[in-house]
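Order of the sequence lines sets the chain letters (A, B, ...), proteins ahead of strands, with each chain counted from 1.
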Number of protein chains: 2
Amino acid sequence: MHSFTEENYLKAIYHLLVRRQSATTNDIAASLGTKAASVTDMLKKLSDKKLIHYARYQGVTLTTNGESIALGIVRKHRLWECFLVEKLNFKWDEVHDMAEELEHISSAKLIDRLDEFMGCPAYDPHGDPIPNNKGQIINQQLQPALQLSKHQSGIIAGVADHSPAFLQYLEKTQLIIGETITVTDLSDYDISVSLKTTNKEMNISREVAKNILIAI
Amino acid sequence: MHSFTEENYLKAIYHLLVRRQSATTNDIAASLGTKAASVTDMLKKLSDKKLIHYARYQGVTLTTNGESIALGIVRKHRLWECFLVEKLNFKWDEVHDMAEELEHISSAKLIDRLDEFMGCPAYDPHGDPIPNNKGQIINQQLQPALQLSKHQSGIIAGVADHSPAFLQYLEKTQLIIGETITVTDLSDYDISVSLKTTNKEMNISREVAKNILIAI
DNA sequence: TATAAAATTTAGATTAGCCTAAATTTTTAA
DNA sequence: TTAAAAATTTAGGCTAATCTAAATTTTATA
Ligand SMILES: [Mn+2]
Ligand SMILES: [Mn+2]
Ligand SMILES: [Mn+2]
Ligand SMILES: [Mn+2]
């Protein structure tokens, strides 16, 4: 149907629009590891195919069609991650690269069967919502743990940084999806946040607190 | 590591060598749906990479390295077929095209985990042996049902035709892997073979009998 | 064993996706 | 409000994989 490359562009544009409200040539190039000139070439092609709205120098948005393809890729990526973690016992920091390949397996029937096999999960191992087979997706309202005030509690529901290093750190410190945390101290001059979980108390950096997402 | 295209060439060459003891330019072109000129180009490239032994006009064989890559692809293809049939409830005639895509997923760790998850099966849904992670494969000695003599029994262990149409016919008539059949009549002038299974008696054409493989 | 037929290779092009360098447009800030 | 900086596009090229048409080699057969 569409090439892997086209699918990757549409997905990158989708993520940029979700996360930053805009998708520029340089942003797309950075997220795909290509050069801006290559992106411009592809934007013309995607525009010709009516998958994006594109006006020179103005950045892009997805057409209805383009967005539904992007959501299909995101759905596959996240469902395969569920499979890898829950059935094949991979850790949540190990699955992304495999899912980057698996998301391009074309069969819609396969992915719907996988969805069923996994029990139609709503979220992937990183807390990201899984679009259903009509492309509908739950829009989670999450906030960085850093924004919690002193004595406030919340449940960890996602991460803003998906890097293996960060995920491994969270795993090691038991700051995992579903865990309830309570802020015990917030310091202005120091750069750390003190908190307690069900089992223990700990101190995390502002950087970490910024990347842990709490359900509101 | 290697492109999908290179992997497909190596797999095609492997299958031709197994099934016909030789792999010629035209045969490879036919099995990949490309033209002979394209095959010649790729043979040069695979030869430069020391994956095949190639001498102009003489056909090709696989190097140790080339064969081990081919066996890796075959392993992935067959394990994914097992998964699709046993876990996602696909029929044996539906899985081939999906496996053609899944066989190129690169992670060795993924395929070894999948192997484990499936219980390290020795055969795929069509009775074809699955190479282990060292590339070792069981060399089954099978014979076409057509070669059974009158009153002789045997167990269906494979198929020589993997087309959905043939597989559906076998499924419908319950001539499936593991079924014991006994030849009740063989006619010289008529083109059919009469046989009985555990449940019923039936009559199949020579063409069908040729493509049902019996364990010896 | 000499042709004819078949198989294979070479020559020359095309397409998708990528690149660098140069030109153009937009944005920033003096 | 204009010059510098940043972003983007254009121009020109490269590689992998493909093709058609023509040339070459092998094989079959008269
Ligand atoms: Mn991921
Ligand atoms: Mn994820
Ligand atoms: Mn198959
Ligand atoms: Mn099979």
Round to the nearest Å and state the distance from [X] atom [atom1] to [N] atom [atom2].
| X | N | atom1 | atom2 | answer |
| --- | --- | --- | --- | --- |
| Asp48(A) | dT15(C) | CG | C1' | 15 Å |
| Glu7(A) | dA16(C) | CD | C1' | 15 Å |
| Lys44(B) | dT9(C) | NZ | C1' | 7 Å |
| Met42(A) | dC19(C) | CE | P | 11 Å |
| Asp41(A) | dT15(D) | CG | C1' | 15 Å |

Numerically ordered, the residues 50-60 of chain A set in heavy-atom contact under 4.0 Å with DNA chain D is Tyr54(A), Arg56(A), Tyr57(A)
Go through residues 20-39 of chain A and report each residue with a non-hydrogen atom lying under 4.0 Å from DNA chain D, sorted by number.
-> Thr24(A), Thr25(A), Asn26(A), Ala36(A), Ala37(A)
Would you find a donor on one side and an acceptor on the other, under 3.5 Å apart, between the side chain of [X] and the backbone of [Y]?
| X | Y | result |
| --- | --- | --- |
| Glu101(A) | Ser107(B) | no |
| Ser149(A) | Gln152(A) | no |
| Gln140(B) | Gly127(B) | yes |
| Lys50(A) | Thr63(A) | no |

Determine the contact category for Thr5(B): base if any of its heavy atoms lies under 4.0 Å from a base atom, sugar-phosphate if only primed atoms, P, OP1 or OP2 are that close, otherwise nothing.
-> sugar-phosphate
So what does Phe4(A) touch, heavy atoms closer than 4.0 Å: a base, only the sugar-phosphate, or nothing?
-> nothing
Has Lys87(A) got its NZ or CZ under 6.0 Å from the middle of the six-membered ring of Phe83(B), at an angle within 45 degrees of the ring axis?
-> no
Can you name the one residue among His77(A), His126(A), His162(A) that meets side chain to side chain donor-acceptor pair (under 3.5 Å) with His96(A)?
-> His77(A)
Are any of the side-chain heavy atoms of Leu43(A) and Ile13(A) separated by less than 4.5 Å?
-> yes
Cationic N near anionic O, under 4.0 Å, Glu81(A) to Arg78(A) = no
